[in-house]
Structure formats: C-alpha cells, structure tokens
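Computed from a prediction, not measured in an experiment: that's the story for all the values here.
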Amino acid sequence: MDHALRRPTRPRGRTASVSSLAAVALLGLAACSSSDPLAEDGGDGGGAGDGSAIVVGSQQYYSNTIIAELFAQKLEAEGHEVEREFEIGRREVYMPEVESGAIDLFPEYAGNLLQHLDAESEAATREEILAGLEEALPDGVEALSAAEATDQDSYVVTAEFAEEHDLSDVGDLAGIDGGVRIAANSEFATRPYGPEGLQEVYGVDAEVVPVEDSGGPLTVRALKDGDADVADIYSADPTIEENDLVVLEDPEELVPPQPVVPLASEAVGEQARAAVEEVTAELTSEELLALNGRSIDEQAAAEDIAGDWLAEKDLD
Amino acid sequence: MTPLLEALDWVLTADSWTGPGGLGVRAGEHLLYSLLAVGLSALVALPAGLLIGHTGRGRGIAVVSTGVTRALPTLGVITLVALAAGIGLTAPMVAFIVLAVPSILAGAYSGVEAVDPQIVDAARAQGMSPVQVLLGVEVPLGMRLILGGVRLATLQVVATATLAAYVGAGGLGRPLFLGLRNYDYAMMLGASIVVILLAVVLDALFALGQRLLARRPGTA
C-alpha cells in the first residue's frame, strides 16, 4: 500500500523518494519552526502548511499500525498535516530514519527498544525500562509518556494443560517431569527470557519448538495439537482469549515489560505532543486488546478501527 | 570484515558443523527433505507425464494445472496445510511436492512429445506394443528432457526447502531464520551459502548424468 501517496502535499515520484523528500521538508521546517512554532497548526493547507507534515511511521505489525493510525488521526483532528510511512519491517531500518528526523512519530515498545539501543541494559521493571530509555535515546528523539498498555512476550498454555498440572505461575512449570517444549520463533532460544532465563529464574527445563509465525495461528495450532506444552504469544493478542488459553503469571518479571511508548522527533511541537499523549493516556492493555480484536475478528481496516476508537473516547 | 567474509568464516569454522543443531545435521536434513520431495513427486509426475506425452490426452489440463500450481507461493501453501495438519514435516513436504510436480510433469510429456514421430511410427510398424514403444523408444530418446524436468524440480526444491523450518521442521532454514531474527547476518548468509553449494553440487550431478546418457547409443 502506498499510504504516502494518499495525501500528496506536492507532486512527487515513487515511495522510494518519499523519505528523502520528507527529510528535505523537515530541514525546511527546522529552519522556520523557531520563528513561528504555530505555522504547522494552520488548518488552511496552502503555503504555510506545505512541507510541515508530521511523518508517522509504524512497524509491520497490525497492532502497531493501529496505534500509529490513532496518533495520525488524532493529529489530523487537531489540524496537523500528517504523512504516513507505515509497515516498516525492522527496527534496524526505521530507527535510523527516526534518528535522522525523516520519521517524526513512531509507536514503540519500550523493552525491546531499550534492548536495541543498549544491549547491556539490565532494566527489568516498567519504571527502570522507561528511565533507561530516556537515557539511551539519541539526541533529538524523545519518548513521550508511555501508555499503560503493554504488548509483551507471554507464556501461555491451554486451559486443559493448566488444569492438569495445576499451573498459574511460570514457576509452576518446574514441576513437570522431563521439562516443557515451548513453541516460539527460533530467536526465542537465544533471548535472556528464553530457556536460559527460565532455568535460572524459575528452575524450568525448556526446549524450543521453532515455529516462525511470531505467536500466530501456527503457534496456537502447535500448542493445541500437543506439539508444544507452552507457547510464546504477545500479551495483546486476542487469540489468547479466543482459544481459551491461560497466560502464566511472571512474578519475577523475567519477561521485560513492553509498554507502548511514542517516539517523537523535535519536529513534533508541544501541541502535537500533548495530542499524542491524550491518546496514550487512554490506551490501556484492555483497550489495546479490543483494538487488536477488531482487526482479527472483523478484518476491519486500521483507519476505521482507529477512527471509531477516537470517536468513542471523544478524542476526535 | 564484510558480512560475506564473516559468513564464509562462519561456514568454514568446524564448530558450525558439529553438534545436534550444526550445519552438518541441518545440511543432511535439507538434502533428505529435498530428495524425498523430488522422489515422491517423480513417483506421481513421471508416469503421468509419460502417459500424457504418449497418448496426447490430458495435455491441455496438464498445461493449465501445472501453470496454476507454479504460481502458488510456497510459504502460503505451507501455512495453509500446517493450519490443517499441524506443525512438522507434513506441510512443507506437501508444498515441496506441489512445487516439484509441474517441472517433472512438463519435462516428461515434452520429452516424449519431442521424439520424432517417424521413429515412433517405425517402431509401431515393426509390431512393438504401446508399452514397448513408450519404454523402448520414447523414453530413451526423450531422456534428456525428462531428466531435465527432474533436474529443474530438484533445484527448485533445494532452494525452497529452507521454508521447512518455518513450521518447526529442520533443514538449513533453521540457521537461516535464527540468523535473520537475531540479526546474525553471518549465520544467515552462511546458511544460504550452504544451500547454494548443495544446489550447485546436485545440479552438477544431474548435468553429468545427462551427459553420460547422451553418450549411450540409443538415447538423445
């Protein structure tokens, strides 16, 4: 999809040139923003608004795109001009764009982002991670206030399996003879909260059954078929409830929390930041689950889901 | 070091090859999956293709259906089948067979069709039965094209068998996916290099086989 072409602010060629054009546009904005910070708020389109669009990015993950769409529509409702650069595959690709100012606003997950910026970080709790992020972010990029909602790896089992082995905490898995098989992406085997962390923190013997769909339907299928005992599924995934799966509690906080946090460049002005923070203030884990659920159940488009939600919360 | 050199370094390190998840085991699995898929496909597609070539019947259907299946994305087929059959080797095997059958089928019927009709007529005139004509004349004369189909299928399957790892099976896709997800590009590229080597070696063996056959009297 070529979102960037939906609201052309000027004639241009293909998407490939969009980010460089955006970078040029931002240079122009940086030059004038100090003299007239409200220029971007003019709802009249025309000369003043030209080239001052806020570029919103998103990961290639439906849930992230919905959050990005929430930000984008909220900003549009406030009279800002928004350009969408959605569905960017990898952090390695989009982070340099955020750092260079080619993308101004990006919904991120604090834990993984901190791990990306500072692999040595030992922050474990939500507060530590958000504080660590503050320090680790490069100049010119700021984390706005985080949402209550998190979307993190979680250990889930089927209801039957939980009942059979009397499971409520991750630590209860230690009581299962012969260890457990965990369906997850292959990289899970090398993550600090993977088999090694499980052994260290909870004394659980675990072996990974690699299924590469990031906790998607194949992972659920492996769990239901008994090809795996446990699955690693994102906590904001509606599939957990749909399939009557049980999320095991993690009292030792082995899995780093992943609160949703908007990254903003200097080009995002005070008023725009406040608008985005109005959105994150309403975004709880339950709300995020509901938003994701609409995407899965109704196959609704991100912009419709976001628009309805903003209207419901009186944020539009 | 450039990523490519790092990858070569990784492939040439003995440690990468040993152990239960080492390249040795993975390459073995990869080869096994590929040969199994091509073997099973040949079992179905060779007789069918020869029959189509010999009788000329069903050619239209064969052309259309092989064209359609060739357009199926293998990862999609794997995901669909795995949703029904669960994780493991079944889904990738089905997908690889879907991938291999069209080439083998096309090679088989074109091989038979390409034989000079006058030679076939001559064979019939001498009183050879249809089976004798097929096995004694058409197959040996069309062998180059028939083998060419199997060769193409093998190449396609070897190159695609990395996808078996997507649903929990082994093969060289395991280090490839792991490297991709862990940003360990040496591992990812290294696994790709081994896949390429496997493909090149197998292809060379087929080329050799085709050449040897060409020297035998009575084949073309």
*Asks:* Can you tell me how far OH of B:Tyr166 sits from CG of A:Leu218, rounded to the nearest 0.5 angstrom?
*Replies:* 6.0 Å

*Asks:* Say you draw a straight line from OG of A:Ser186 to CG of B:Asn182; how long is it, rounded to the nearest 0.5 Å?
*Replies:*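 So the OG of A:Ser186 and the CG of B:Asn182 are separated by 7.0 Å.
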
*Asks:* Heavy-atom count check: over 12 atoms from other residues, nucleotides or ligands less than 6.0 Å from A:Glu122 CD?
*Replies:*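 No - once you tally the heavy atoms of other residues, nucleotides and ligands closer than 6.0 Å, there are 12 at most.
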
*Asks:* Does atom CD of A:Glu135 have more than 12 heavy-atom neighbours from other groups under 6.0 Å away?
*Replies:* no

*Asks:* Non-hydrogen contacts under 4.5 angstrom with chain A: give the residues of residues 71-83 of chain B involved, or none if there are none.
*Replies:*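 Near chain A, by residue number: B:Thr79, B:Ala82, B:Leu83.
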
*Asks:* Return yes when atom CD of A:Glu242 has more than 12 non-hydrogen atoms of other residues, nucleotides or ligands closer than 6.0 Å, and no otherwise.
*Replies:*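 Yes, CD of A:Glu242 has more than 12 neighbouring heavy atoms, counting only those of other groups under 6.0 Å.
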
*Asks:* Heavy-atom pairs under 4.5 Å with chain B - which of A:Val220, A:Asp227, A:Val208 has more of them than the others?
*Replies:*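 Heavy-atom pairs under 4.5 Å are most numerous for A:Asp227.
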
*Asks:* Are more than 12 heavy atoms from other residues, nucleotides or ligands located less than 6.0 Å from atom CD of A:Gln199?
*Replies:* yes

*Asks:* Under 4.5 Å from any heavy atom of chain A, what part of B:Ala84 do you find: side chain, backbone, both or neither?
*Replies:*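 Contact with chain A is through the backbone of B:Ala84 alone.
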
*Asks:* Taking all heavy atoms of A:Arg191 and all of B:Arg181, pick out the closest pair and write down the distance.
*Replies:* NH2-O, 3.8 Å

*Asks:* Given A:Arg90 and B:Leu180, is the side-chain contact (heavy atoms from CB on, under 4.5 Å) satisfied, shown in steps?
*Replies:* CA-CA 11 Å; A:Arg90 304 174 69 77; B:Leu180 176 70; 4.2 Å; yes

*Asks:* Does any heavy atom of chain A fall under 4.5 Å from the side chain of B:Ala91, the backbone, both, or neither of them?
*Replies:*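 Contact with chain A: none, neither part.
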
*Asks:* Other residues, nucleotides and ligands only: do more than 12 of their heavy atoms fall within 6.0 Å of CG on B:Leu208?
*Replies:* yes

*Asks:* Is the number of heavy atoms from other residues, nucleotides or ligands under 6.0 Å of A:Asp139 CG greater than 12?
*Replies:*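 Count not over threshold, so no.
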
*Asks:* Drop me the distance from A:His116's NE2 to B:Tyr183's OH, to the nearest 0.5 angstrom.
*Replies:*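 A:His116 atom NE2 to B:Tyr183 atom OH measures 7.5 Å (nearest 0.5 Å).
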
*Asks:* Check A:Asp225, A:Val209, A:Asp213 against B:Ile87 for a side-chain contact (heavy atoms from CB on, under 4.5 Å) and give me the one that passes.
*Replies:*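 So the option named by the test is A:Val209.
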
